[in-house]
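Below is one structure, written out as structure tokens; the observations come after it.
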Amino acid sequence: MMNFGLHSAILPDLTFEEVVDYASAVGFKCLEVCCWPVGKAVRRYAGVTHINLNESDNDRLAYYKKYAEDKGIEIAALGYYPNAMDADREAAEVAQKHIVRMIDAAAEMKVKTISTFVGKDKTQNIEANLDLFEKIWTPIVRHAEDKDVKIAIENCPMLYTKDEWPGGNNLACAPYIWRQMYERIDSDHLGIAYDPSHPYLQQGSVTAPIYEFRDKIFHVHFKDIKIYPEKVTEYGVFSYPGLWHSPKLPGLGGVDFAAFISALNDIRYTGSAVIEVEDKAFENSLEDTKSGIEQAYRFLKQYL
């Protein structure tokens, strides 16, 4: 049975304790907890800090874990999604150091997984980015191996908006790239945070990669998207996708969640699977957001 939970990014104004209390009250069993460095967010749903790793010693980290456990909640993953391969090498280095800090914190808390982006230098082609990936990520992955923490790379292309287009800010967005990544860094600690909305956006199969990469799926995001055919007609699929799609609650977009969850059951997936809410239709207030979370919970619960 999957460990059903919530991604904390949609509740940025709540404290860690408030997020845990709410998740427990709804019926969730786990959380992916956002661990961005405190500062200005660079995009929507980024910059969320429910655990401030830069101000948390081991005692504080133990407190977070115990507080969650006392409420029946497992901290299934620590999450932070920067561009660790940014063309701005100073920004990339900041991201890399915080990812390492997150690995250390996860090890201290006995949290099995961190979830992040691999990043991308959008000024370079795929081949050059694979070289850069090998250079930057080999020491990070080896560190994760030493700490026995798994790195789950989300399969988001990060090319939704005008500033991300056309290269995108996350290399690890398609199976042919994953294969090359795993050839270059062969590790049981490097895998995927699989979000079905991303292959759906790219007009690929949501379920086929699950079977091929069954041993690499460390974490799952439940998120949906809606594609507007009239906007595709207007702008074309070679325009940036922010013009013709919207993230939606699970069940309100085009992803076939019955098929998706059936495929996860086929491979006997028993890891964490968290709802990731980015639906603007449910963001007018905290109560509105909570109603969206709870609607998604009810929808997915029928399959889980």
Original post:
What are the two closest heavy atoms between Leu201 and Ile227, and how far apart are they?
Top reply: CA-CD1, 4.3 Å
Original post:
If two hydrophobic side chains count as joined below 4.5 Å and joins carry through other members, does Val38 share a cluster with Met102?
Top reply: no
Subject >> Lys65 side chain to Met109 backbone, donor-acceptor under 3.5 Å >> reply: yes
Original post:
Mind checking whether Tyr240 and Leu159 have side chains closer than 4.5 Å, heavy atoms only?
Top reply: no
**OP:** Would you check if Lys120 and Pro157 make a side-chain contact, meaning some heavy-atom pair closer than 4.5 Å?
**Re:** no
Original post:
Distance from Leu132 atom CG to Asp121 atom CG, nearest 0.5 Å?
Top reply: 6.5 Å
Subject >> Phe213 six-ring centre to Lys216 NZ/CZ under 6.0 Å and within 45° of normal >> reply: no
Original post:
Among the clusters formed by ILVMFWY side chains lying less than 4.5 Å apart, do Val206 and Phe218 turn up in the same one?
Top reply: no
Original post:
Can Val26 be reached from Phe282 by stepping across I, L, V, M, F, W or Y side chains whose heavy atoms are under 4.5 Å apart?
Top reply: yes
Original post:
What do you reckon, is CG of Asp186 surrounded by more than 12 foreign heavy atoms closer than 6.0 Å?
Top reply: no
Original post:
Are any of the side-chain heavy atoms of Asp21 and Lys71 separated by less than 4.5 Å?
Top reply: yes
Subject >> salt_bridge(Asp70, Lys66) N-O dist < 4.0 Å >> reply: yes
Original post:
Okay, side chain of Ser8, backbone of Cys34: is any donor-acceptor separation there less than 3.5 Å?
Top reply: yes
Original post:
Is any side-chain heavy atom of Ile99 less than 4.5 Å from a side-chain heavy atom of Pro82?
Top reply: yes
Original post:
Is there side-chain contact between Phe222 and Val255, with at least one heavy-atom pair below 4.5 Å?
Top reply: no
Subject >> Distance, nearest 0.5 Å, that separates NZ of Lys290 from CG of Leu14 >> reply: 6.0 Å
**OP:** Locate the shortest heavy-atom distance separating Glu18 from Thr15; write the atom from each residue and the value.
**Re:** OE1-N, 2.8 Å
Subject >> Candidate pair His7 and Glu32, rule side-chain contact (heavy atoms from CB on, under 4.5 Å), full reasoning >> reply: CA-CA 5 Å; His7 194 308; Glu32 177 180 340; 3.2 Å; yes
**OP:** State whether Tyr64 and Arg60 meet the cation-pi test: NZ (Lys) or CZ (Arg) under 6.0 Å from the six-membered ring centroid, and within 45° of the perpendicular axis.
**Re:** yes
Subject >> Check: Tyr80 ring centroid to Trp36 ring centroid under 6.0 Å >> reply: yes
Subject >> Point-to-point distance, once rounded to the nearest 0.5 Å, from CG of Leu171 to CZ of Phe117 >> reply: 12.5 Å
**OP:** Ignoring hydrogens and angles, tell me if any N or O in the side chain of Asn170 forms a donor-acceptor pair with the backbone of Cys156 under 3.5 Å.
**Re:** yes
**OP:** Report whether Val100 and Val118 are members of the same hydrophobic cluster (ILVMFWY, side-chain heavy atoms less than 4.5 Å apart, transitive linking).
**Re:** yes
Original post:
Is a side-chain N or O of Thr270 found less than 3.5 angstrom from the main chain of Met2, in a donor-acceptor match?
Top reply: no
**OP:** Give the ring-plane orientation class for Phe257 versus Phe299, where under 30° counts as parallel, over 60° as perpendicular and anything between as tilted.
**Re:** perpendicular
Subject >> Phe260/Ile210 under side-chain contact (heavy atoms from CB on, under 4.5 Å): CA gap, chis, key distance, verdict >> reply: CA-CA 9 Å; Phe260 177 62; Ile210 293 173; 3.6 Å; yes
Original post:
Do you know the tightest heavy-atom contact between Leu249 and Ala296?
Top reply: CD2-CB, 4.5 Å
Original post:
Under 6.0 Å between ring centres, would you say that holds for Tyr22 and Phe28?
Top reply: no
Original post:
Judged by atom type as modelled, is there a donor-acceptor pair below 3.5 Å linking the side chain of Ser24 to the main-chain atoms of Val20?
Top reply: no
Original post:
Could you walk me through whether Lys147 and Asp104 pass the side-chain contact (heavy atoms from CB on, under 4.5 Å) check?
Top reply: CA-CA 7 Å; Lys147 295 289 185 174; Asp104 291 340; 3.3 Å; yes
Original post:
Hey, does Glu145 have a side-chain heavy atom less than 4.5 Å from the side chain of Val141?
Top reply: yes
Original post:
Is a side-chain N or O of Asn129 found less than 3.5 angstrom from the main chain of Asn125, in a donor-acceptor match?
Top reply: yes
Subject >> Heavy-atom check, side chain of Glu283 versus side chain of Val277, under 4.5 Å >> reply: no
Original post:
Given Val149 and His189, is the side-chain contact (heavy atoms from CB on, under 4.5 Å) satisfied, shown in steps?
Top reply: CA-CA 7 Å; Val149 172; His189 288 71; 5.7 Å; no
Original post:
What's the spacing between Lys29 NZ and Glu74 CD if we round to 0.5 Å?
Top reply: 11.5 Å
Original post:
Taking C-beta and beyond as the side chain, do Asp195 and Glu276 meet within less than 4.5 Å on heavy atoms?
Top reply: yes
Original post:
Does Tyr211 offer a backbone N or O that forms a donor-acceptor pair with the side chain of Arg214 under 3.5 Å?
Top reply: yes
**OP:** With rounding to the nearest 0.5 Å, note down the distance linking CD1 in Ile177 to CD1 in Ile153.
**Re:** 13.0 Å
Subject >> Distance-minimising heavy-atom pair for Gln202 and Asn155 >> reply: NE2-O, 4.5 Å
**OP:** Take Glu93 and Arg89 through the salt bridge (Lys or Arg N to Asp or Glu O under 4.0 Å) test and state the conclusion after the steps.
**Re:** CA-CA 6 Å; Glu93 186 175 342; Arg89 297 305 182 221; over 6 Å; no
**OP:** Ignoring hydrogens and angles, tell me if any N or O in the side chain of Tyr269 forms a donor-acceptor pair with the backbone of Ser272 under 3.5 Å.
**Re:** yes
Original post:
With the 4.5 Å side-chain cut-off for hydrophobic clustering, are Val94 and Met85 part of the same group?
Top reply: no
Subject >> Check: His219 side chain, Glu154 main-chain N or O, donor-acceptor pair, under 3.5 Å >> reply: no
Original post:
Taking 4.0 angstrom as the limit, do Glu234 and Lys231 come out as a salt bridge?
Top reply: no
Subject >> Asp224 (side chain) donor-acceptor with Lys248 (main chain) under 3.5 angstrom >> reply: no
